[in-house]
Chemist: 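One structure is given below, represented as C-alpha cells, and several questions about it will come after.
What you see is a predicted model; the values in this text were computed from it and never measured. In what follows, residues are counted from 1 in the order of the sequence shown.
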Amino acid sequence: MTRDQSAARLLATFIGELEEQVRVMNADLLALETEPTDAERLKSLFRVAHTLKGAARAAGVPPIEQTCHTLEALLAQARDGKQRLTVDDFALLFLAADALGDAGQRLRAGRDLEGSSLAALRARLKRREEKAPSRTAARPELVTRPSAASPPPQQERAEGQVRVEPEKLDALLAASGQLTVAGGSVTGRRAALEAWHQFADRCATDWTRTDHRIRLALERSGAPPALLQAVSGMRENLRRLAHDAGGLAAEAASDARALSQATDEVAARVRQLRMRPFAEAYEALPRVVRDVATSAGKEVDLEMLDGAVEVDRVVLDGLRETLTQLVRNAVDHGIESPDQRERSGKPRRGKLSLSAALRGDRVSVTLSDDGAGLDLAAIRAQLQRRGLPIPPDERELVRALFEGGFSTRAEATTISGRGVGLDIARAAVERIRGTVEVTSEPGRGTSFTIECPPTLATIRALLVRVGPQVIAIPTTSVERLIRVRPEQIKHAEGRDVVVTEEAPVPLVPLGRLLPPLVERPPAGPLSVILLSAGGRRLAVAVDELVAEQQVVLRPLKTGRRPLPYVSGAAIIGMGRVALVLNPTSVITAGLAPGTTLGSAVAPATPAREARRRILVVDDSITTRALEQSILESAGYDVVTAVDGADGWKVLQENGCDLVVSDIEMPRMDGFALCLAIRASKRFKEVPVVLVTALETPEHRARGLDVGADAYIGKSSFDQKNLLDTIRQLVGQEGQ
C-alpha cells in the first residue's frame, strides 16, 4: 500500500469516528442543558473533544485538531467544577457540534475545510477564553428536554466491530441476487434431468418387452452372431443408462436443495447486515427540537419510543429525513407559544411523541403533538388564492400541505413558511415506498403516521403481465384481486370505475401508464388489481396474473430518462427482468384530476345504423336547453322531460337509446327514475347517465348502486366529458 493510499484510508476512518463523536456530543449537550452539573456528562463531553483532537492529529486535519484543543480548555474548567456552563456557553458548544459535523461532511465529499465555520468558531472560543473565568450563572431556562424514559442513544463501539462501506453491502446484496437466479437455473436443470431419467427408464422398459421377439426374428432370419450379441447388449446398456440418469437426477435434486438453503441463508444474512436500529433515525431529533423551539420562543418536550424496530439503512435514511422535516413543522407550526397554551388551559410546555412499531410486514411510525391542530380554513383559503380545486373530503384537503410551495403562513421565516418542508418529507417517504397520513383535532393536536416496508432490498411482489413486459407489484399495496366483465364496468366523472363494497374505484389500464406497453383493450373479462396506499384506492387492469414471490430489488439504469411510476427492477426465474412498480406514484397519477387514459375495455360496437335517441331529464329549463343543444349538435335525436315522473312517461311513450338525468327533481328524483328503468323488462338495458350537483362519494356510490352507468358532477361538467361518456355507452353520434 502506498503512502497516499494509507493516508486516504486513515482519513476515511477518521471521518467515521468524527460522525460518531458528534452524535455523542449532541446527546451530551442536550442532557447537560437539563442538568448542567452532571459530572459524567461533562467527562464524556471532554473525552469527545480530547479524542477528536488526537484523531485529527493522526489523520492530518489541523483545523479540527486546533478547534478541539480550544474546546478542551472550556470543557476542562466545567469538568473540574471551576466554572459553570451558561446559556451562552451552551449556544457556543452547539455551534461547535454543528461546525464539526459540517467539517465531516466536507471531508467525506472530498472538499477542503477552507471557508468552513471552524475558523470563526475558534475565534469565538478564544474570545470567550480571554474573558474573566470567574463567571457563574444560574441554571439556564431550557426549551427542550428528551424524555427520561427514552434518553438519546449512546454511541459505543463494541469489541470486534468492523466498519463496512454501504457500497460493499450493496454489491454483496446484488451478488446474492445473482446467486438466487443461479439457484433457480439449477432447479430448472434438475427438472430436465428428472425428465431425461423418466424417458430413459421408459426406453429400457419398452426394449425389455420386445427384446425376445427381436432376437427370435433375427435368429430365424439367419442374422450373424455379432448382430445377435449387439442386440442382447442393448438391453443392458439401456438399463444402465436409466440407472445412471436416475442417479444424476437424484444428485441434481440434492444439489439444488443445498444451493437453495445456502442461497436463502446468504441472502438473509446480507439483509441482516443492512438492518439498523430505528433509534438511529431519531438520534438527531432532540437537537432539532431544541434549536427550533429556541428560535420560536417555545418550550417543548420530546418523548421517543421505538419498540426495538430494525429497518434497512436506505429506509432509515428516508425516515431520518422525513422525521426531521415533520418535527420542525410540528414545533414551529403545531405547538403554540407558552402564553397561548396557558390561555387555552394547557401546560406551558408542549409535547411531541414519537413511536415506531412493526405491524405485519410494514413499519408504522407515528409523530404526534398536543398543539393547536391544523387550520383547515387557512388551507382552503390558500387553495382558493392559488386557483386550485378545494376537495370536499378533509383527508384530500390535508394532502395539499404536502405539495411544493404550499404554506398557510403569510410570511416566511428562517425556519418555515416557504412550503418546502412537507414537500421534502413527502418525497422522502415516496423514495422508500411509503405513505404518510395526517389526522388532526382542533385544539388537541396533530398526528403524522408513516408506513413503509422495513427493507427495500427484497420485496414480496405480485407478478403480472402487461403486453410483453412482466411487472412486479409490491403486495403491501395490493388490497385484492378481482375479475371484472366489461358490462360490470361503470362510468363516473368521465372515467371507468369498478364498484366495490366500500365505494366505486377508478379503473385504468396499467399499460397506459407505462409506455410503450400500451396494448389494445381486451373485449373479455379483465384481471383487475385493487391498489391502496395512504387511504387512496385505484383499480388497474392487467393482461395476466403470473405469480407471487419474493424478489430482490435492483436499481434500474436505462441510460435515458427513467420510466415513470417504476422504482426499480427484479431478476426473476431464468434470468428474466421484471419492472417493479411504485404503487404510490401510480395511484397519484391515476387519481389526478383531468387524467385521460381511455377505456379499459374496447368501445361498444353500434347495434344499429339509426340515429340514437337520448332522453334528457332535468327540472332546470336552462340545463335542459344546454344539454339538448350539445347533444343535437353532435348528431343525436333528443327528447326532454321536466322531472323524473315526466321522464318515465316520455320513455314509455317514445323509447330511447340513453337517458341523461338530474337527481334532485320534484315528484320523482333521478335515483327513483333509474330504479324504475332497471325494474322494467322493456327498458332495463337502457344506459343511464346521471348529471348532478351531488358530488360526494356517498352520492356517487348510491348512483351506481341504483344502476346508473355513468355519474358526472356538474362542477366538472363539460361538453367533451358528456359526449365521450355517451360514445362509450351507445357508440358514435348520428349512427
Side-chain angles (χ1 to χ4, degrees), residues 18 20-54 56 64-104 117-148 150-155 283-302 331 338 348-349:
L18 174 61
E20 290 182 5
Q21 295 294 350
V22 167
R23 286 195 288 269
V24 174
M25 186 175 184
N26 272 309
D28 286 340
L29 285 172
L30 288 167
L32 279 170
E33 269 199 321
T34 304
E35 195 62 52
T37 59
D38 187 331
E40 291 303 316
R41 291 286 186 177
L42 287 169
K43 291 178 182 178
S44 174
L45 202 55
F46 178 83
R47 283 196 299 270
V48 168
H50 183 75
T51 299
L52 284 180
K53 181 177 76 170
I64 294 180
E65 178 189 357
Q66 296 162 9
T67 300
C68 291
H69 177 73
T70 311
L71 278 174
E72 273 188 329
L74 167 61
L75 295 171
Q77 291 180 335
R79 180 199 60 184
D80 298 338
K82 297 179 180 178
Q83 187 171 320
R84 190 171 184 176
L85 295 176
T86 66
V87 172
D88 291 339
D89 290 335
F90 276 108
L92 190 57
L93 289 169
F94 277 117
L95 284 176
D98 290 342
L100 290 171
D102 176 65
S117 54
L118 288 177
L121 174 65
R122 288 199 303 275
R124 290 189 60 175
L125 287 169
K126 202 70 175 176
R127 287 196 299 271
R128 186 261 176 212
E129 189 178 7
E130 291 170 354
K131 292 181 181 180
S134 58
R135 297 171 304 160
T136 59
R139 174 176 170 175
E141 181 66 26
L142 305 177
V143 294
T144 68
R145 59 169 178 264
S147 169
S150 53
Q154 296 296 311
Q155 300 294 327
E283 60 191 6
L285 296 183
R287 173 68 191 277
V288 173
V289 172
R290 183 257 179 204
D291 290 349
V292 177
T294 300
S295 299
K298 299 179 179 180
E299 302 176 8
V300 185
D301 290 332
L302 174 62
V331 176
R348 286 181 61 86
R349 303 187 69 86

Chemist: Decide, yes or no, whether a salt bridge links Glu35 with Arg41 under the criterion of side-chain N to carboxylate O below 4.0 Å.
Modeler: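 A salt bridge is absent here (no side-chain N lies under 4.0 Å from a carboxylate O).
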
Chemist: Can you give me the closest heavy-atom contact between Leu302 and Pro286, atom names plus distance?
Modeler: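 Taking Leu302 first and Pro286 second, the nearest heavy atoms are CD2-N, 3.8 Å.
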
Chemist: Which value, rounded to the nearest 0.5 Å, describes the distance between Met25 atom CE and Cys68 atom SG?
Modeler: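 These two atoms lie 7.5 Å from each other.
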
Chemist: Do you know which two heavy atoms are closest between Lys298 and Val331, and how far apart they sit?
Modeler: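 Closest approach of Lys298 to Val331: NZ-O, 3.0 Å.
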
Chemist: Report the C-alpha distance between Leu18 and Val22 in whole Å, list the side-chain angles of each, state the deciding distance to 0.1 Å, and finish with yes or no for side chain to side chain contact (heavy atoms under 4.5 Å, CB included).
Modeler: CA-CA 6 Å; Leu18 174 61; Val22 167; 4.0 Å; yes

Chemist: Looking only at non-hydrogen atoms, find the nearest pair between Asp28 and Leu45 and report the distance.
Modeler: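 Of all heavy-atom pairs spanning Asp28 and Leu45, the closest is OD2-N, 3.7 Å.
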
Chemist: Walk me through it: do Thr51 and Glu20 pass the test side chain to side chain contact (heavy atoms under 4.5 Å, CB included)?
Modeler: CA-CA 11 Å; Thr51 299; Glu20 290 182 5; over 6 Å; no

Chemist: Please test Leu42 against Leu85 for side chain to side chain contact (heavy atoms under 4.5 Å, CB included), starting from the C-alpha separation and ending with a verdict.
Modeler: CA-CA 10 Å; Leu42 287 169; Leu85 295 176; 4.0 Å; yes

Chemist: Under 3.5 Å, is there a donor-acceptor pair between the side chain of Ser295 and the main chain of Asp291?
Modeler: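 Yes, Ser295 side chain to Asp291 backbone: donor-acceptor pair under 3.5 Å.
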
Chemist: Checking Glu72 now: which residues fulfil side-chain hydrogen bond (donor to acceptor under 3.5 Å, both in side chains) with it, not counting sequence neighbours?
Modeler: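 Counting only residues at least two positions away or on another chain, Glu72 forms a side-chain hydrogen bond (donor to acceptor under 3.5 Å, both in side chains) with His50, Lys53.
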
Chemist: Applying salt bridge (charged side-chain N to carboxylate O under 4.0 Å, His left out), name anything that partners Arg47, two or more places apart in sequence or on another chain.
Modeler: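 For Arg47 there are no salt bridge (charged side-chain N to carboxylate O under 4.0 Å, His left out) partners, ignoring immediate neighbours.
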
Chemist: Quick one: side chains of residues 91-102, donor-acceptor pairs under 3.5 Å with protein atoms, not counting sequence neighbours, listed by atom name and distance.
Modeler:
{"unit_1": "Asp98", "atom_1": "OD1", "unit_2": "Arg287", "atom_2": "NH1", "d": "3.1"}
{"unit_1": "Asp98", "atom_1": "OD1", "unit_2": "Arg287", "atom_2": "NH2", "d": "3.1"}
{"unit_1": "Asp98", "atom_1": "OD2", "unit_2": "Arg287", "atom_2": "NH2", "d": "2.6"}
{"unit_1": "Asp102", "atom_1": "OD2", "unit_2": "Arg106", "atom_2": "NE", "d": "3.3"}

Chemist: Can you tell me how far the CG atom of Leu71 sits from the CD atom of Gln66, to the nearest 0.5 Å?
Modeler: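 Going from the CG atom of Leu71 to the CD atom of Gln66 covers 12.5 Å.
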
Chemist: Atom OG1 of Thr294 and atom CD of Glu299: how far apart are they, to the nearest 0.5 Å?
Modeler: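 That separation rounds to 10.0 Å.
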
